[in-house]
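Have a look at the structure below, then the notes.
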Amino acid sequence: MSELVGGAVDLERSLQSRFEENLEALLGVRFLASEYRITDGRMDTLGIDENDAPVIIEYKRSSNENVINQGLFYLNWLVDHKGDFELLVQRELDMEAAQSIDWNGPRLICIANNFTKYDEHAVRQMNRNIDLIRYKEFPPDLLLLEQLTSTTAIGGSGVSSSQVQSSSAGAAAYRATVTDHLEGASSEMLDRYGLIRDYLLACGDDVQEKTLDNYVAFRRIKNFACVQLRNQIGKVLVYLRVDPANIELEDGFMRDMRNKGHYGTGDLELNIMSDDDFERAKPYFDKAYNNA
């Protein structure tokens with residue numbers, strides 16, 4: 001056994017560049033722009049996460065730099081300039097991604113070699129979506145990321161994409177959201193969903209839950225499980241961050257979702273219709289958590 005001694009790196013450009021080149025692998029965020037200029041400053045990194053939420057990433061370059069306040073200023077600017085961000089997404093990704101932006105949950109991710117106890121306390125008092133992530137480098141080729149604090153805003157801003165829209169015939173068309181499915185679920189379905197939810201939240205202290213239009217996401221730094229309800233057939237679908245190539249698929253219980261479209265993230269689909277299915281699913285929940 002030998003000890004690995006970790007340390008900081010020059011944050012001026014090197015770490016930021018490495019993050020931006022590997023943003024999806026490290027944080028589950030699609031890269032949009034670096035050093036994005038606005039009238040009163042410059043955002044380090046802009047992106048959009050797995051759940052279609054805008055993300056600002058700020059890197060703390062010195063111990064006395066107040067990167068959280070700076071990031072909050074940029075977060076306010078972003079919410080006030082949605083059109084600029086949507087044009088950026090359209091230009092860097094595509095029109096579909098621009099139309100799918102979830103303005104209910106813009107996020108600020110602050111990355112540093114260390115944060116003070118005051119930083120962590122301040123973030124917990126703010127009604128914003130803020131992640132504090134500490135890094136440590138272990139030469140020659142290891143990088144450790146540790147999520148210290150993650151807060152989720154209560155309520156949200158913006159317009160949900162599940163609003164009623166007019167159809168060509170003039171009648172109102174409505175797409176049921178995951179909240180609608182939960183409200184309309186039988187007691188048996190709600191109990192089953194409750195078991196799954198409680199287990200996923202108990203996987204670790206760093207698990208966060210986010211309810212979107214079409215699924216409920218459970219994430220650490222990245223999503224590890226996305227849950228949907230199918231009330232009509234009494235089924236709960238769970239999509240996990242597990243590679244189906246590394247497991248023996250069980251017919252009727254699992255599906256390989258690589259190259260198949262579905263809401264949320266995850267390549268392994270589990271169909272949970274009974275308590276026995278739930279028990280069988282637990283090891284895969286754990287595996288997905290450890291992969292995130």
Please give me the minimum heavy-atom distance between [X] and [Y], naming the atom from each residue.
X: G105; Y: A53; result: O-CB, 3.3 Å
X: A281; Y: I272; result: CB-CD1, 3.9 Å
X: D52; Y: S100; result: CB-O, 3.2 Å
X: C226; Y: G264; result: SG-CA, 3.9 Å
X: M43; Y: E58; result: CA-OE2, 3.4 Å
X: D206; Y: Q147; result: O-NE2, 3.5 Å

What is the distance from atom [atom1] of [X] to atom [atom2] of [Y], rounded to the nearest 0.5 Å?
X: T116; Y: H121; atom1: OG1; atom2: NE2; answer: 11.0 Å
X: S34; Y: L46; atom1: OG; atom2: CG; answer: 9.5 Å
X: I48; Y: R30; atom1: CD1; atom2: CZ; answer: 5.0 Å
X: K60; Y: L15; atom1: NZ; atom2: CG; answer: 14.5 Å
X: K222; Y: N51; atom1: NZ; atom2: CG; answer: 13.5 Å
X: L240; Y: M254; atom1: CG; atom2: CE; answer: 9.0 Å

- Message: Check E209 with R197, please: is the shortest side-chain N to carboxylate O separation under 4.0 Å?
- Response: yes

- NZ/NE/NH1/NH2 to OD/OE distance under 4.0 Å, R18 and E137: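 So R18 pairs with E137 through a salt bridge.
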
Within the distance-only criterion (no hydrogens, no angle test), does the side chain of [X] pair as donor or acceptor with the backbone N or O of [Y] below 3.5 angstrom?
X: N290; Y: D286; answer: yes
X: E35; Y: R42; answer: no
X: N291; Y: R241; answer: yes
X: E146; Y: I133; answer: no
X: N223; Y: A225; answer: no
X: D102; Y: N104; answer: yes

- Query: With sequence neighbours left out, which residue pairs that include part of residues 184-194 fulfil the side chain to side chain donor-acceptor pair (under 3.5 Å) condition?
  - Reply: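 For residues 184-194, and leaving out neighbouring residues, the side chain to side chain donor-acceptor pair (under 3.5 Å) pairs sorted by first residue read E188-R192.
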
- Given the side-chain rings of Y215 and Y263, with only the six-membered ring counted for Trp, is the space between their centroids under 6.0 Å?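 Here the rings of Y263 and Y215 have centres that are no less than 6.0 Å from each other.
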
Quick one: do [X] and [Y] end up in the same hydrophobic cluster if we chain Ile, Leu, Val, Met, Phe, Trp and Tyr together by side-chain heavy atoms under 4.5 Å apart?
X: V123; Y: I56; value: yes
X: L195; Y: F253; value: yes
X: L148; Y: V67; value: yes
X: I247; Y: L270; value: yes
X: V29; Y: F218; value: no

Listed by chain and number, what are the salt bridge (Lys or Arg N to Asp or Glu O under 4.0 Å) partners of [X], not counting sequence neighbours?
X: E24; result: none
X: D267; result: none
X: D131; result: R107, R219

- Query: Should D277 and N271 be marked as a side-chain hydrogen bond (donor to acceptor under 3.5 Å, both in side chains) after you check the CA-CA gap, both sets of side-chain angles, and the distance that decides it?
  - Reply: CA-CA 8 Å; D277 289 342; N271 295 268; over 6 Å; no

- Task: With side chain to side chain contact (heavy atoms under 4.5 Å, CB included) as the test, would you mind laying out the steps for N76 and R128 before giving the verdict?
- Result: CA-CA 10 Å; N76 286 338; R128 296 299 184 92; 2.6 Å; yes

- Given salt bridge (charged side-chain N to carboxylate O under 4.0 Å, His left out), test R258 with D243 step by step and report yes or no. CA-CA 9 Å; R258 290 173 295 180; D243 186 355; 3.6 Å; yes

- Query: Step by step, would you call R230 with Q228 a side-chain hydrogen bond (donor to acceptor under 3.5 Å, both in side chains)?
  - Reply: CA-CA 7 Å; R230 295 290 184 270; Q228 300 174 30; 2.8 Å; yes

Can you tell me if [atom1] on [X] sees more than 12 non-hydrogen neighbours from other groups inside 6.0 Å?
X: K117; atom1: NZ; result: no
X: Q125; atom1: CD; result: yes
X: N69; atom1: CG; result: yes

- Message: Tell me whether the rings of F278 and Y199 are parallel (<30°), tilted (30 to 60°) or perpendicular (>60°).
- Response: perpendicular

Looking at side-chain heavy atoms only, is the closest gap between [X] and [Y] below 4.5 Å?
X: L144; Y: L142; answer: no
X: D256; Y: L249; answer: yes
X: R280; Y: E250; answer: yes
X: V178; Y: L212; answer: no
X: N113; Y: R134; answer: no
X: F224; Y: F285; answer: no
X: L145; Y: I221; answer: yes
X: Y239; Y: V227; answer: no

- Item | All pairs passing ring pair (Phe, Tyr, Trp, His ring centres under 6.0 Å) where residues 73-102 contributes a residue, at least two apart |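 Checked against ring pair (Phe, Tyr, Trp, His ring centres under 6.0 Å) - neighbours excluded - the pairs reaching residues 73-102 are W77-H81, F85-W103.
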
- Hydrophobic clusters join Ile, Leu, Val, Met, Phe, Trp and Tyr when side-chain heavy atoms are under 4.5 Å apart, directly or via other members; which others share one with Y118?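 Members alongside Y118: none; it stands by itself.
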
- Run the numbers on L27 and D49 for side chain to side chain contact (heavy atoms under 4.5 Å, CB included), then give the verdict. CA-CA 8 Å; L27 301 175; D49 74 9; over 6 Å; no

- Task: Under the side chain to side chain contact (heavy atoms under 4.5 Å, CB included) rule, what do M257 and L268 come out as? Steps first, then yes or no, please.
- Result: CA-CA 6 Å; M257 298 303 291; L268 180 67; over 6 Å; no

- Message: Would Y135 and N114 count as a side-chain hydrogen bond (donor to acceptor under 3.5 Å, both in side chains) here? Give the steps.
- Response: CA-CA 8 Å; Y135 78 88; N114 210 353; over 6 Å; no

- Decide side chain to side chain contact (heavy atoms under 4.5 Å, CB included) for I68 and M126; before the verdict, give the C-alpha distance in whole Å, the side-chain angles of both, and the deciding distance to 0.1 Å. CA-CA 11 Å; I68 299 171; M126 299 173 184; 4.0 Å; yes

- Evaluate the criterion side-chain hydrogen bond (donor to acceptor under 3.5 Å, both in side chains) for residue pair T45 and Y36; output intermediate values, then yes/no. CA-CA 7 Å; T45 306; Y36 186 81; over 6 Å; no

